[in-house]
Every structure is written in C-alpha cells, then in structure tokens.
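For reference, the structure is listed below as structure tokens.
Heavy-atom basis, side chains included; hydrogens, waters and symmetry copies ignored. Numbers restart at 1 for each chain; the letters A, B, ... are given by sequence-line order, proteins then strands.
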Amino acid sequence: MTQQAQTGRLPADGPAPTDDVIRREAGFGIDDLLERLWDLLTSMKFGVIIILALAALGLVGTMVIQAPPGISADPAAKADWLNEVRPRYGGWTGIMDQLQVFTIFESIWFRALAALLTASLVACSAHRLPGLWKSATKPHVAIGEAFFTHAPQHEFIAVRGTSDEIRERVSRVLNKHRYRVVSEDDGVLHLYADKFRWGPFGTVIGHLSLVVILGGAIVGSMFGFRDSNFVVAEGSVAPVTSGEGISVGLVQFQDAYYTETGAPADYASEIVIYKDGTEVASQTIRVNEPLRYGGLSFYQSFYGPAAAMRVTDAAGNEVMADGVPLAWSDGDTGRRVGSFVIPGADLTVWVIGTAGTGDPIIAPGQMRVELYQGSQGTSVDAATIDQRTSAELAGYTFSFDREMQYTGLSVARDPGTPLIWLGSFLMIAGFVLVLMFPHRRVWGRLVVRSDGRGMLSLAGAGRRDVNSNTEFTDLVTDVRAAFTTPTDA
Amino acid sequence: MYKMSEYAFIAAILATGLALILYIAYALSGLRAARMQTAGGNVRTGVMGFSGGPRTAALGRYATILGWLGFAFLSAWLVFRTIATGHGPFANMYEFSVSFAWGVLGAYYWFERRYHQRMLGLFALPVALALMLYATTIPSTVEPLVPALQNNLLLSVHVAVAIVAYGSFTIAFAAALLFVIQPEGGRWGLPKPEILDDISYKAVVVGFPFLTAVIVLGAIWADVAWGRYWSWDPKETASLVTWLIYGAYLHARVVRNWRGRKAAYLLMLGFAATLFTYFGNLFFGGLHSYSGLG
C-alpha cells in the first residue's frame, strides 16, 4: 500500500540476486524453480504489471459491449446476440468471441490475472510479515554510532547526570509522547523508543483484504443463486427456482411519474413471500427498499404489461386462470410477448400485446393468442381477442379479461456478500492503520564521562516528511527542556 | 435559494477565471525572472529556489486571493443548491460538474497552503474552470430524483467522497504535468521535481483511500438498489480501472528507477481514467445514466 517506501524491507528489486545463484549452479533444480517463482511473485514490478494488465482488461470491458450474463450457456441465444453486435464489430466479431472479449470478466485472461494477483498478494504478505513482526517485537536497540550522524533526522544534546538519571528523564519525556522505551547497556547506553508499532500491519491487512474480496466473489458465484428476470403478474404467484419452496405473489404494482417532467418518480410492488404455500413475509418493495427473507433478497428491477387470461376446456372446466406477464419484446415489431403452457396438454400459448396505435394486427385493447404444439413448435391456431371477450381455439376457450401489469424482480442469494463487506472493511481499516498510525521510531545513544557530563544523540527513522519531522523536533525540544530545568542550573 | 445559487455560480466562474489569468501572469513573470537569472541578471532569489521579485510575489498573492474567492463562491453555491434541492448537489451532470470543480479548488488550496507551490494552480485552475464552463452548457433546473437515486444518505456520501478523490487526483495530475514538462533536473522557474513528486504522492495517498471508499459505498448502494454489489456496469468498471492505475502508481513509486518521470506518466494515465470514469456515462450508458442529458 502506501508506506512501503520507508520500511526498507521490500521485495522491490526483482529477482536479480537469485539470477546470480542460478547461473553459478548452472542447473534448474526444482528448488531453483520455486525460488524463481517466489522472487517473481514477491517482485513489486511483477505486481505492478499484473495490476496494469487487469486495468487494461477492465478498459476493454468498458469499451466493448459485454454479453448479458448467462448467455454463453445457451448457444442459440449467444449466436443471436453475436448477430446483434456483428454490424458494430464486423469481421472481428468471431475473433473477439474466440478471445472471450465479449465476456471479458469471465474470460480465461481475467481469471488467470486474478489468480496471479492473489498469489502475488499472498506471497508478498508472507514475505513481509516476519520483518514487520520483528521490528514490532524485537526492535534493533543497539545501533552503531554512524547512524546518528547520517539519519535523516538527528540531534545531539549535552546532558549532565548519571547514566540512570538521564535514562529516567529521557524515558519520561518519551512516555509522555506515548512512546514505549527499550534500553540496552553495553558500556554505552542504547535507547530505542517507538509508537504505533502495529501500524505497518495495515499494509498486510489492506493487501489481504483483496484476497478476501476475491474469495467472496468466488463463493458467490459457486454457491449463490440469482434470477435477474423473475416476473410475476398482479394477482399471480410464481415459484422461485432456488429449490427452497419459495414463491412470490404480487398484490399490486404501481408506477408513479412526476407531473411536470414525466420522469419516473416511484416503482413499487406489493409482494408476498410464501414458503411451501404459507405466507412468511410481505412488503412493498421499491428500487432502494428490497425485501430480504431467509438469505434471499427481492429487488424491484423492471416492470411491464400483463394480460389476465382464462382458459376453459370443451367440458367447461377452467384449466388456467392467471395473469400472463408480457415480459419479452419482439425485436422486429416492438410487440410485447408472454407465454404459458396449458396443463395436461402439449400446447404452448403465446400471448402477444399491441405495439401501439399504429399496429395493423393487434389494436390497443386487444390481445393475440397463438397456439403451438409444445414438442414440435408447429403452429396450431391463432386469434386476436378483444378485452372481455373470448375465442375458441383447438377445443379450448381463451378469454382475455383485462390488461394489468407485471413486476420484474431480481431474486438473489449471495453467500459471498459477507466476505465482500468484510474485505471492504479490512481494506479501509488497513488504510486507517497505515495512514493514521505510522510507525514512529527514535534511537538514542548516551555516553557519559566520569565528570557527569554526557552527550545524548537522538535519531529518527522517519521519512523527510513534514509530519514526522515536526514530531521529531517536538520530541527533541521536550528532551532539551527536561535537561535545562532550574534544578539542573 | 435557486437564484442565489446561480449568482454564486456565476461569481465563482468570474473569480476563478480572473485568478487563472493572474496565475498565468505569475508563471510568465517567474519564467522571465528565471531567464534573467540564468543570463546573469540581478534578481533576488526566492525561498523555494525560483526567483520572486516583488511584482511576481504580489501577482501570486492576488491570484491566490481571487482563487480563494472562487472557492468561497462555489462553497456558497454548494450550500444554496443543497437547500434548493433537498439533497447533496450530486444528482446530475450539472451538479456533479460544479461540485467536482469545488473539489479541485479545495484540494488545490489545501496543497498550496501546505507546499507553497503556486505554479500548481497553472494546471489545477484550468481544470476547475473547464468543469464550471462545461456545467454552464447543461441545464441547471432542479429536477426530482428518479427512483434509483432516492437514497439521500448514500447519494450524498457516495458522490461527496468521489469529489474529494477526484479533486486530489487533479492535483496529482497538475504536479505530474509540471514534472513532465520540465527537462531533467528542473528549470524554467518551476517547482523542483522532488517537491512535485512528493505533492503527487501525497495527493494520491489522500485520493486513493477516498476512491476506495467511493467504490465500497457504491457496492453497498448497488447491493441495496440493484440487488448485487457488483454488476460490471461500465462506470463501475471504469472506477475500478482508475483504482487499479493509482494502485499501480503507489507500488511503482517504490520500485527503484520508477519514481519520477515514469510515475508521473502513470499519474497522467490515472487522471485520464478519472475523467473517463467521470464522463463515461455520457457515452457508455449502463446503470449510472443519471446525467440528465438524455
């Protein structure tokens, strides 16, 4: 993340040293190979290249029209879709499809890069953790004299007193600044003080949070359920295909518009959730107010016209009475189309609504019914029916009672979502740790002569950075003040 | 309130425009002074390594004051518009553009106070001014919110955070541009390359967590409104691309030899991605098409 520059323990410079080793040994043992792989994965350059490659794929994903999700599972639908975009991409369409450009975020390229990124994130974290742990728990206390003249921040303070007294006094100042102090004495008194020693772990947390998020995405795609085209007409109940015995009833759908601009103001579906036929939940859902029940979430997504249809057989028994959502639209004519199956008969019924006032076949207020042999798809019969009238087709009576609306919901269960939020939280927490609690370290070296006069050297490891500079300066000022109190004079 | 906000907006454009003229004059006088200095002229040298005769310094001061005035007017616009619409002024392209300009000016003056590098204004102010002028071409009428945007809290926070991120990235870009246009080692009375590099880095260090927050908040909102936290909607994807580029920058800066010029190019790429994310919904449609521009 952001503070790696200052730790000096970076896998920054690529695999250069190992190259020498390998050349010297002149062989490619499995150990060499693993070592090279490790160096590659922990190399910052490699990481940057992966990130930029992912960005490039993302750019492709925004520039090239992406196929609707799930379409690649259905060859016919995919062929249709490819023909739709062919005018735009011409002869490239086939090649682009082969290269999975139209489903770039499910493509082998994207997955491979995401896998490499994950491996690199884990490797880098594993690479860095021991060093971070060591500098937090076993800091280097005794440090050479040269450091105190070369450190980016350093200061010399003349002091008086015994070694212990001076240590006491300096420690008190440091403690007041919320530093912890460690000292070692080998003839020369070495001091080490730091605060926020867990701050640098924010880097690791931030990086691993991405792995958690990617894990969440994988869990979601493997164990989740999603139906983005769930439709149900007013007054009907439709089953959710997640295999839990859940069905959704729509009491009423309402759309409201602003009177001045005609822009949509509200879409609201009053829905009831049934589990095994028993009502378990109900709510009026809106675009920003989904209903959640037992891990499933129901979102207002789209809406459209529906037809209340009734079918009776020759004996006068009602075989079907339901609202039929006209959820598809016929691309050529702009007519809305819905369908249902007559129970117990090999018949599929298409219900087709008007394209508007200019429609030569189906006028507004009419519904066209077309019957097809279910198994062969051959046309059986067709008729256009006025509202509140009926027509005889293939021995059945089809009644079109009235027009109404259907609602389109997105029904989803995504068990990966908690991981996504956990990852997001960890990422933000990582930033907060790194940015708000930077590890501050100060070293001291005290030499006291026999006459009680001594020299205290202080040095900081901060960057040449405004914040850590002022902090170090404040610290030094306070230490000086502690040795120029009236009692010393 | 609506009238007041319009007046404040016009005043902000005028103030920022005048400020920009002064910034340009300031830059030119600095350039002239630098030339005279290299030619052996007798010019006093300013603190930050470039020459600052009394006239130059005065120009700079007035430029800053006018720019602050522009920022103050935009802040007034922000308040009036919020009162007039009842939500943060972030719901369509007009509101977002002016807010973006506010973010750029705010970020610029934060950095000017901290680093005392007025030359940044030479590139930061034009961005702000361009955004405001662009906003004048868009109808500013207050329109009620479509259903998807009817989430006052998330609308305000999601976009407000985006404005901080975009503003910071603009400063990073301005510093990178100043870095790239000067020859190796620095010249022309421009700020030192190391200082520019540091400013860019600081700006990204601020902007990157904010962009992360934008994306996370966006995911939360998407989960509430669209039923999934991520849909590969073009604007979503573009923001991810932007995030990746700045992420790459933060890592690249650590690699030896990639600091400086190469990092500056990445920042320019990042800013291009930022603008692409920002204007994206005008040409790639998708779920974020709330621009109010058809």
Subject >> For the student: nearest non-hydrogen atoms of B/Pro234 and A/Thr62, plus distance >> reply: O-CG2, 3.4 Å
Subject >> Minimal non-hydrogen separation, A/Leu52 against B/Ala248, with atom names >> reply: CD2-CB, 3.7 Å
Original post:
If you round to the nearest 0.5 Å, how far is NE2 of B/His251 from OG of A/Ser43?
Top reply: 11.5 Å
Original post:
For chain B, which of A/Gly58, A/Ser297, A/Ala256, A/Ser410 has the most heavy-atom pairs under 4.5 Å?
Top reply: A/Gly58
Subject >> Residues from residues 217-232 of chain A approaching chain B under 4.5 Å (heavy atoms) >> reply: A/Ala217, A/Arg226, A/Ser228
Subject >> Selection from B/Thr242, B/Leu269, B/Val224 maximising heavy-atom pairs under 4.5 Å formed with chain A >> reply: B/Val224
**OP:** Name the region of A/Leu117, side chain, backbone, both or neither, that has any atom closer than 4.5 Å to a heavy atom of chain B.
**Re:** neither
**OP:** Specify which of A/Thr417, A/Ile428, A/Ile65, A/Val48 makes the most heavy-atom pairs with chain B at under 4.5 Å.
**Re:** A/Val48
**OP:** Check each atom of A/Leu59 against the heavy atoms of chain B and say whether the ones under 4.5 Å are side chain, backbone, both or neither.
**Re:** both
Subject >> Atom of B/Gly227, atom of A/Ala412 and distance for their closest heavy-atom approach >> reply: O-CB, 4.2 Å
**OP:** Might you confirm whether atom CZ of A/Phe425 has over 12 heavy atoms from other residues, nucleotides or ligands at distances under 6.0 Å?
**Re:** no
Original post:
So how far is it from A/Leu57 CG to B/Leu240 CG, rounded to the nearest 0.5 Å?
Top reply: 11.0 Å
Original post:
Between A/Leu54 and chain B, which part of the residue has a heavy atom less than 4.5 Å away: side chain, backbone, both or neither?
Top reply: both
Original post:
Where on A/Tyr267 is there a heavy atom nearer than 4.5 Å to chain B: the side chain, the backbone, both, or neither?
Top reply: both
Original post:
Nearest 0.5 Å, what's the CD1-CH2 distance between A/Ile213 and B/Trp230?
Top reply: 10.0 Å
Please output the side-chain donor-acceptor pairs of residues 206-223 of chain B that fall under 3.5 Å, not counting sequence neighbours, one pair per line with the distance.
| from | atom 1 | to | atom 2 | distance (Å) |
| --- | --- | --- | --- | --- |
| B/Thr212 | OG1 | B/Phe208 | O | 2.8 |
| B/Thr212 | OG1 | B/Trp243 | NE1 | 2.9 |
| B/Trp221 | NE1 | A/Asn288 | OD1 | 2.9 |

**OP:** With a 4.5 Å cut-off on heavy-atom pairs, point out which of B/Leu266, B/Leu244, B/Val204, B/Leu154 contacts chain A the most.
**Re:** B/Leu244
Subject >> Contacting region of A/Gln66 [heavy-atom separation from chain B under 4.5 Å] >> reply: neither
Subject >> CH2/A/Trp109: more than 12 non-hydrogen atoms of other groups inside 6.0 Å >> reply: no
Original post:
Taking the six-membered ring for Trp, are A/Phe105 and B/Trp232 parallel (under 30°), tilted (30 to 60°) or perpendicular (over 60°)?
Top reply: parallel
